[in-house]
Amino acid sequence: MKKYLNIIVLALSSGCFVVNWFMLGELQKIWSTAQKFLFDFHGQWALCAYTLRGVDPYSITGLTVPTIEEIGIIPAIWSTSPWGLVLGNFFYPGFMKINDAANYFLVLNFLFLAITAHILKTHFDFALKALPAFLASFFISVHFGNAGGVICCLLILACLLADSRAILAGVMLSLAMVKPQVALPICFALLLRKNFKVLTIAALIDFAAWGAAALITNQSPITLLKEFLAVDTGGGVFFAGLFTLVFPADKSLAMGLSMLAGVIFIWMTFRDEKYFWACPACLTTTFFAYSFHNEFFILILPALICINLASRTDKKFFWLAAFVFMAVAPYALFLLMKDFNAAFWLVRTIFAYVLILLGFSMARNFKFAT
């Protein structure tokens, strides 16, 4: 049976790959920003470059005249966490010239994709066969010049290595915390598992980076945090989590309630089982808080759990359909929309609710699949 399932998974994954690339091509025609290669990169690189030169980047965000000519401006809606001003150099090296930094960024992405594929292969029988289905989810962040794909890799690796390589997992988690909206659900799952070593290492590195950013820019850590929170990151058109449509005019309230819902969901579906413990947290990243479209690659972990369930239970069609849904649905749904309007966020919310239902179903069935 395993032989036939291998063939089925490879066929489904290959089909998802073809469909996703077609849909991304269509999305590129619809979204003008998608027509600009490395659209996000310069703004993120500039944040790091200004920090390394002792300039508080939050204070000059949105200015039309560059403070340092060779760095350029930081667009009004670009931002990163205070600790990300230092740790962000891992993704967007501000100590390099912009062209060299862009080349470094591309190499980093392909390196981490290869490492993640290798580690996944050592933990899951179907990993390499399932990977093509999620390549579009990875390369969309590469195309936009966003670190989302690498951050997903870091979180997946941190989850798989948390028990065997706690220090390394902590370092990777600290780097992923550059995007706390993606990493915090994983942190909560680690807390439920009492993986305090991983969390402590990550926290120490992040606090040290925050302090270093304050020291370099001659600002207090609290001032940097307040400035970060004051930036209109995303320009108000971003998905603010599960409650975006309920409170469209108050994104802070929407995000706060969405984060609470995410914590409750992880707590209710948590099972301290090999591989599965991180699955609800990975699902939660899609509706937890601030989000665009750069972090869907993390769904490969719960998708592999679905294949595991398909190989061990009698609901093979259901779990394989769930695998396909996680791989294809984001772009199939987005293709219906031409703008970030209420209809767009409705589709995005429906996608999140389906993932929540799948999460509860996975938690109920996983104990029978081990």
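Criterion: ILVMFWY side-chain heavy atoms under 4.5 Å apart, direct or through other members. Under it, Leu304 and Phe318 are part of a common hydrophobic cluster. Note on Leu215 and Phe228: separate hydrophobic clusters, where clusters join Ile, Leu, Val, Met, Phe, Trp and Tyr whose side-chain heavy atoms are under 4.5 Å apart, directly or indirectly. Leu10 and Leu135 are members of different hydrophobic clusters when ILVMFWY side chains are connected at heavy-atom separations under 4.5 Å. Hydrophobic clustering (ILVMFWY, side-chain heavy atoms < 4.5 Å, transitive): Val86 and Leu52 are in distinct clusters. Clustering ILVMFWY residues whenever any of their side-chain heavy atoms sit less than 4.5 angstrom apart, transitively, puts Val347 in the very cluster that holds Phe247.
Salt bridge Arg193/Asp163: present, at least one basic N to carboxylate O contact under 4.0 Å.
In terms of heavy atoms, Asn195 sits closest to Ala162 at ND2-O, 4.1 Å. The two residues Ala281 and Ala189 have their closest heavy-atom pair at CB-CB, 3.9 Å. Summarising the geometry of Arg271 relative to Ala363, their closest heavy-atom pair is NE-O, 3.5 Å, with the distance given to 0.1 Å. Nearest heavy atom pair, residue Ala176 against residue Ala183, reads O-CB, 3.8 Å. Residues Gly262 and Phe287 share a closest heavy-atom pair of CA-CE1, 3.8 Å. The shortest heavy-atom contact between Pro82 and Leu225 is CG-CA, 3.9 Å.
Less than 6.0 angstrom separates the ring centroid of Phe360 from the ring centroid of Phe265. Taking the six-membered ring where the residue is Trp, the centroids of Phe276 and Phe270 are separated by 6.0 Å or more. A centroid separation of less than 6.0 Å is found between the aromatic rings of Phe124 and Tyr275. Taking the six-membered ring for Trp and the full ring otherwise, the centers of Tyr104 and Phe91 sit at least 6.0 Å from each other. Taking the ring centroids of Phe39 and Trp78, they lie under the 6.0 Å cut-off.
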Does the ring pair (Phe, Tyr, Trp, His ring centres under 6.0 Å) test come out yes or no for Phe325 and Phe351, once each step is laid out? CA-CA 9 Å; Phe325 175 81; Phe351 174 68; 5.5 Å; yes

Please evaluate residues Leu320 and Leu12 with respect to the criterion side-chain contact (heavy atoms from CB on, under 4.5 Å), reporting the C-alpha separation (whole Å), side-chain torsions for both, the decisive distance (0.1 Å), and the verdict. CA-CA 8 Å; Leu320 290 174; Leu12 289 174; 4.1 Å; yes

Step-by-step side-chain contact (heavy atoms from CB on, under 4.5 Å) determination, Glu295 to Ser141: CA-CA 7 Å; Glu295 293 85 32; Ser141 67; over 6 Å; no

Please determine whether side-chain contact (heavy atoms from CB on, under 4.5 Å) holds for the pair Leu63 and Ile73, giving the CA-CA distance in whole Å, both sets of side-chain angles, and the decisive distance to 0.1 Å. CA-CA 7 Å; Leu63 297 182; Ile73 65 168; 5.8 Å; no

Between Cys187 and Leu199, does the side-chain contact (heavy atoms from CB on, under 4.5 Å) criterion hold? Intermediate values first, please. CA-CA 7 Å; Cys187 292; Leu199 289 170; 3.9 Å; yes

Before giving the answer on ring pair (Phe, Tyr, Trp, His ring centres under 6.0 Å), spell out for Phe144 and Phe37 the whole-Å C-alpha distance, their side-chain angles and the decisive distance to 0.1 Å. CA-CA 6 Å; Phe144 277 97; Phe37 184 54; 9.8 Å; no

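Rounding to the nearest 0.5 Å gives a distance of 11.0 Å between CG of Leu173 and CG of Leu168.
With hydrogens and angles ignored, the 3.5 Å screen pairs a side-chain donor or acceptor of Asn365 with a backbone N or O of Ser361. Counting only distance, with no hydrogens or angles, the side chain of Ser174 and the backbone of Ala202 share no donor-acceptor pair below 3.5 Å. Under the 3.5 Å distance criterion, the side-chain polar atoms of Ser311 are matched with a main-chain donor or acceptor of Asn308. Looking at Arg348, its side chain does come within 3.5 Å of a backbone N or O of Thr286 through a donor-acceptor pair. Checked by atom type and distance alone, the side chain of Thr51 pairs as donor or acceptor with a backbone atom of Leu47 at under 3.5 Å.
In this structure the side chain of Leu120 reaches within 4.5 angstrom of the side chain of Leu301, judged on heavy atoms. Taking 4.5 Å as the limit, every side-chain heavy atom of Trp83 sits out of range of all side-chain heavy atoms of Pro221. Arg53 has its side chain out of reach of Ile216: every pair of non-hydrogen atoms, C-beta onward, lies at least 4.5 Å apart. Contact of the Leu131 side chain with the Ser13 side chain is not registered, since no non-hydrogen atoms from C-beta on lie closer than 4.5 Å. Using a 4.5 Å heavy-atom cutoff, the side chains of Glu70 and Ile68 are in contact. Two residues are said to be in side-chain contact when any heavy atoms from C-beta on lie closer than 4.5 Å; Leu184 and Met259 meet this criterion. Residues Asn20 and Phe134 are not in side-chain contact: their nearest non-hydrogen atoms beyond the backbone lie 4.5 Å or more apart. Counting heavy atoms from C-beta outward, Ser137 and Leu299 have side chains that stay 4.5 Å or more apart.
Side chains of Lys179 and Asn146: a donor on one and an acceptor on the other come within 3.5 Å.
For CG of Asn218, the number of neighbouring non-hydrogen atoms (other residues, nucleotides, ligands) closer than 6.0 Å is 12 at most. Other residues, nucleotides and ligands place more than 12 heavy atoms under 6.0 Å from the CG atom of Leu253. More than 12 heavy atoms of other residues, nucleotides or ligands lie within 6.0 Å of CH2 in Trp21, so this atom counts as buried by the packing criterion.
Note on ring orientation: taking the six-membered ring where Trp is involved, the planes of Tyr92 and Phe105 are parallel (angle under 30°, cut-offs 30° and 60°). Between Trp210 and Phe207, the ring planes lie parallel to each other; the angle is under 30°, not in the 30° to 60° tilted range.
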